[in-house]
Amino acid sequence: MATLAEPQTASADDTFREEVRSFLAENFPPELKNKGNALASVEGPTQEGPAEKAWREAMGARGWGVPTWPKEYGGGGLTRKQAAILNEEMAKAGAYNPIGGMGVMMFGPTLLEYGSEEQKQEHIPPIARGEIRWCQGYSEPNAGSDLANLQTFAEDKGDHYLVNGQKTWTSGGQWADKCFAIVRTDRSDKHHGISFMLIDMDAPGVEVRPIQMISGMSPFCETFFTDVKVPKENLVGKEGQGWTIGKRLLQHERTNLSGGGSMARMMGSSLADTAKKYVETDDTGAIADKTLRDKIADFEIRWQSFLLTAKRAVEESKAAGGVSEISSVLKKLGTKLGQERAELMIEIQGLQGLGWEGEGFTDGELAGVRAWLFGKATTIYGGSTEIQNNIIAKRVLGMLDHQ
């Protein structure tokens with residue numbers, strides 16, 4: 001005797017997926033489909049139109065721009081599985097995350113770990129809503145690769161610090177509202193004399209000078225601090241804890257600079273699809289130049305393999321409590337692959353890939369040339385490749401310095 005099948009109940013994941021789809025249908029402006037978050041870029045301030053503003057506010061109200069951050073600070077409070085569903089549905093809809101920048105990439109996760117409750121309540125919600133831009137005050141003219149040699153000094157004045165010194169390569173400093181910086185509070189100890197502070201970029205005594213790059217853009221700056229008053233409550237953690245906090249933040253930065261973060265989204269369409277617009281194809285529609293075809297196939301195989309490895313490594317790190325030294329491996333490999341792809345793109349486009357200005361080039365071709373040049377910095381900033389090699393040797397492979 002046949003029996004009626006029991007009705008299937010929707011799982012919590014299916015219910016959440018439907019919630020996401022409904023939200024996107026109601027709130028994502030169709031005119032923004034397949035666009036990116038220009039406001040999160042350090043390459044220049046982009047005016048926010050009505051559609052962009054509405055989309056940012058809708059995502060910010062849900063906390064879905066930072067989906068796994070705690071709800072009590074304006075985050076989404078989602079599980080990793082729910083965050084993955086959100087990303088999947090946004091990708092299907094051609095929607096981008098309008099919340100980003102250094103506050104999301106680096107500072108927010110670090111403050112959640114090391115900040116006081118008051119600091120979290122003050123700084124995390126505006127980041128989660130995309131209402132504030134942060135910049136990073138790390139490198140100095142004489143403290144690049146040897147970051148711990150920084151000399152910007154914060155003098156204790158009782159209820160505040162008085163900061164004097166210079167930072168360089170301050171990404172987006174001319175557009176930032178606030179700066180998270182590591183400064184020296186004790187000259188007698190190289191590492192334990194460093195503290196982590198938050199500085200208002202509009203405070204008296206802060207001067208920012210943009211640096212023009214080979215790409216023609218000026219996303220990096222020199223930043224000067226002259227008798228800048230920093231309230232004591234802007235000290236994150238304890239005095240002397242800055243080196244520990246600063247290194248933790250760099251792990252977040254390196255993860256995002258690699259395929260474990262933003263680089264995967266920067267790659268765009270496949271090289272093969274692009275090549276078919278510029279080079280001859282055979283009767284089957286394949287790239288006729290076998291050598292070029294082999295180069296593209298080799299790169300795409302290595303890139304996709306790296307992305308899968310990066311995804312697994314990032315998920316394992318998060319499951320273990322956050323980022324780790326594996327970020328140095330991801331940063332080293334991901335940025336190198338990014339540069340390799342840019343070089344291959346120039347080869348594919350030929351003379352069309354070398355334009356700087358003029359009517360003979362598309363906007364995409366001109367942007368590609370600048371991206372190729374800008375990409376030369378990726379293996380330097382966030383810790384150079386040589387620094388990553390040292391970290392990998394010591395922290396991942398367990399090799400020790402020979403005295």
task = State, with a plain yes or no, whether a side-chain heavy atom of Val183 is found less than 4.5 Å away from one of Ile194.
result = no
key: Inter-residue atom distance Leu198.CG - Leu235.CG, 0.5 Å rounding   = 8.5 Å
key: pair Arg209-Glu207: side-chain heavy atoms closer than 4.5 Å   = yes
task = Ignoring hydrogens and angles, tell me if any N or O in the side chain of Asn27 forms a donor-acceptor pair with the backbone of Ala58 under 3.5 Å.
result = no
task = Please say whether more than 12 non-hydrogen atoms of neighbouring residues, nucleotides or ligands are located less than 6.0 Å from CD in Glu31.
result = yes
message = So Tyr161 and Glu155, do their side chains get closer than 4.5 Å, heavy atoms only?
response = no
note = The complete set of ring pair (Phe, Tyr, Trp, His ring centres under 6.0 Å) pairs with one or both residues in residues 275-295, sequence neighbours excluded, reads none
message = Let's go through Lys92 and Glu88 carefully: what are the C-alpha distance in whole Å and the side-chain angles of both, what is the deciding distance for salt bridge (Lys or Arg N to Asp or Glu O under 4.0 Å) to 0.1 Å, and is it a yes or a no?
response = CA-CA 6 Å; Lys92 290 178 185 177; Glu88 289 169 6; 5.5 Å; no
ask   = Is it the case that more than 12 heavy atoms not belonging to Lys53 sit under 6.0 Å from its NZ atom?
value = no
query = Nearest heavy-atom pair of Val163 and Ala154: which atoms, and what distance?
reply = CG2-CB, 3.9 Å
note = To the nearest 0.5 Å, atom OG1 of Thr385 lies from atom CG of Asn389 at 6.5 Å
Euclidean distance, Trp303 CH2 relative to Glu340 CD, rounded to 0.5 Å = 10.5 Å
request  = Please check if any side-chain donor atom of Ser328 sits under 3.5 Å from a side-chain acceptor atom of Gln388, or the reverse.
outcome  = yes
ask   = Got a salt bridge between Glu52 and Arg56, using NZ or NE/NH1/NH2 to carboxylate O under 4.0 Å?
value = no
message = With no hydrogens and no angle check, just 3.5 Å: does a side-chain donor-acceptor pair link Thr379 and Gln339?
response = yes
query = Where do Ile199 and Val230 come nearest, in terms of heavy atoms and distance?
reply = CG1-CG2, 3.9 Å
ask   = Taking all non-hydrogen atoms of both residues, which atom of Pro204 and which atom of Val228 are closest, and how far apart?
value = O-CG2, 3.7 Å
key: Minimum side-chain heavy-atom gap Gln82-Glu19 below 4.5 Å   = no
inquiry  = Tell me whether Tyr138 contacts the main-chain N or O of Gly246 through its side chain, where contact means a donor paired with an acceptor under 3.5 Å.
reply    = yes
request  = Could you tell me the separation between the CZ atom of Phe180 and the CE atom of Met197, rounded to the nearest 0.5 Å?
outcome  = 15.5 Å
query = Roughly how far, to the nearest 0.5 Å, is the CG atom of Leu354 from the CD atom of Glu365?
reply = 10.5 Å
ask   = Do Thr378 and Thr335 get their side chains close enough for a donor-acceptor pair, meaning under 3.5 Å?
value = no
Would you be so kind as to tabulate the donor-acceptor pairs closer than 3.5 Å made by side chains of residues 289-299, with sequence neighbours excluded?
| unit_1 | atom_1 | unit_2 | atom_2 | d |
| --- | --- | --- | --- | --- |
| Asp289 | OD1 | Thr291 | N | 3.0 |
| Asp289 | OD1 | Leu292 | N | 3.1 |
| Arg293 | NH1 | Ile287 | O | 2.8 |
| Lys295 | NZ | Glu347 | OE1 | 3.4 |
| Lys295 | NZ | Glu347 | OE2 | 3.0 |
| Asp298 | OD2 | Arg302 | NE | 3.0 |
| Asp298 | OD2 | Arg302 | NH2 | 3.1 |

request  = Could you check if a side-chain atom of Leu337 sits within less than 4.5 angstrom of a side-chain atom of Phe306, using non-hydrogen atoms only?
outcome  = yes
request  = State, with a plain yes or no, whether a side-chain heavy atom of Asn164 is found less than 4.5 Å away from one of Phe153.
outcome  = no
query = Looking at Phe374 and Pro219, what are the two nearest heavy atoms and their distance?
reply = CE1-CG, 3.5 Å
inquiry  = Any heavy-atom pair between the side chains of Gln251 and Lys247 that's under 4.5 Å?
reply    = no
request  = Test Cys179 against Thr223 for side chain to side chain contact (heavy atoms under 4.5 Å, CB included), laying out the working first.
outcome  = CA-CA 10 Å; Cys179 173; Thr223 304; over 6 Å; no
ask   = Do the charged groups of Glu343 and Lys376 touch, with an N to O distance under 4.0 Å?
value = yes
inquiry  = By the salt bridge (charged side-chain N to carboxylate O under 4.0 Å, His left out) test, which pairs, at least two apart or in different chains, include something from residues 20-29?
reply    = Glu18-Arg21, Arg21-Glu89
key: Residue pair Phe28, Met59: steps toward the side chain to side chain contact (heavy atoms under 4.5 Å, CB included) verdict   = CA-CA 9 Å; Phe28 181 63; Met59 282 287 280; over 6 Å; no
query = Are Glu140 and Lys167 within salt-bridge range, i.e. N to O under 4.0 Å?
reply = yes
query = Between Thr152 and Gln166, is there a donor-acceptor pair closer than 3.5 Å when you use the side chain of the first and the backbone of the second?
reply = yes
ask   = Can you tell me how far the CD1 atom of Ile124 sits from the CZ atom of Arg129, to the nearest 0.5 Å?
value = 11.5 Å
ask   = Should the pair Glu253-Lys331 be classified as a salt bridge under the 4.0 Å nitrogen-to-oxygen rule?
value = no
query = Is Lys120 paired with Glu118 through a side-chain N to carboxylate O contact shorter than 4.0 Å?
reply = no
key: Derivation and outcome, side chain to side chain contact (heavy atoms under 4.5 Å, CB included), residues Gln136 and Thr170   = CA-CA 6 Å; Gln136 180 181 28; Thr170 311; 5.9 Å; no
key: Minimum side-chain heavy-atom gap Ile127-Trp134 below 4.5 Å   = yes
ask   = Stepwise, does the side chain to side chain contact (heavy atoms under 4.5 Å, CB included) test hold for Thr68 with Thr79?
value = CA-CA 6 Å; Thr68 59; Thr79 64; over 6 Å; no
Counterpart residues, side chain to side chain contact (heavy atoms under 4.5 Å, CB included), relative to Leu351 (two or more places apart) = none
key: Selection residues 177-186 - residue pairs positive for salt bridge (charged side-chain N to carboxylate O under 4.0 Å, His left out), sequence neighbours left out   = Lys178-Asp200
key: ring pair (Phe, Tyr, Trp, His ring centres under 6.0 Å): pairs with one or both residues in residues 184-208, sequence neighbours excluded   = His191-Trp243
query = Looking only at heavy atoms, which two atoms of Pro109 and Val104 are closest? And how far apart?
reply = CD-O, 3.3 Å
key: For Gln119 against Gly115, the heavy-atom pair lying closest together   = OE1-CA, 3.4 Å
ask   = Under 6.0 Å from the NZ atom of Lys81, do we count more than 12 heavy atoms belonging to anything else shown?
value = no
query = Aromatic ring centroids of Trp64 and Phe23 under 6.0 Å?
reply = yes
ask   = Can you tell me if CG on Asp202 sees more than 12 non-hydrogen neighbours from other groups inside 6.0 Å?
value = yes
ask   = Any luck finding a side-chain donor-acceptor pair between Asp13 and Ser11 under 3.5 Å?
value = no
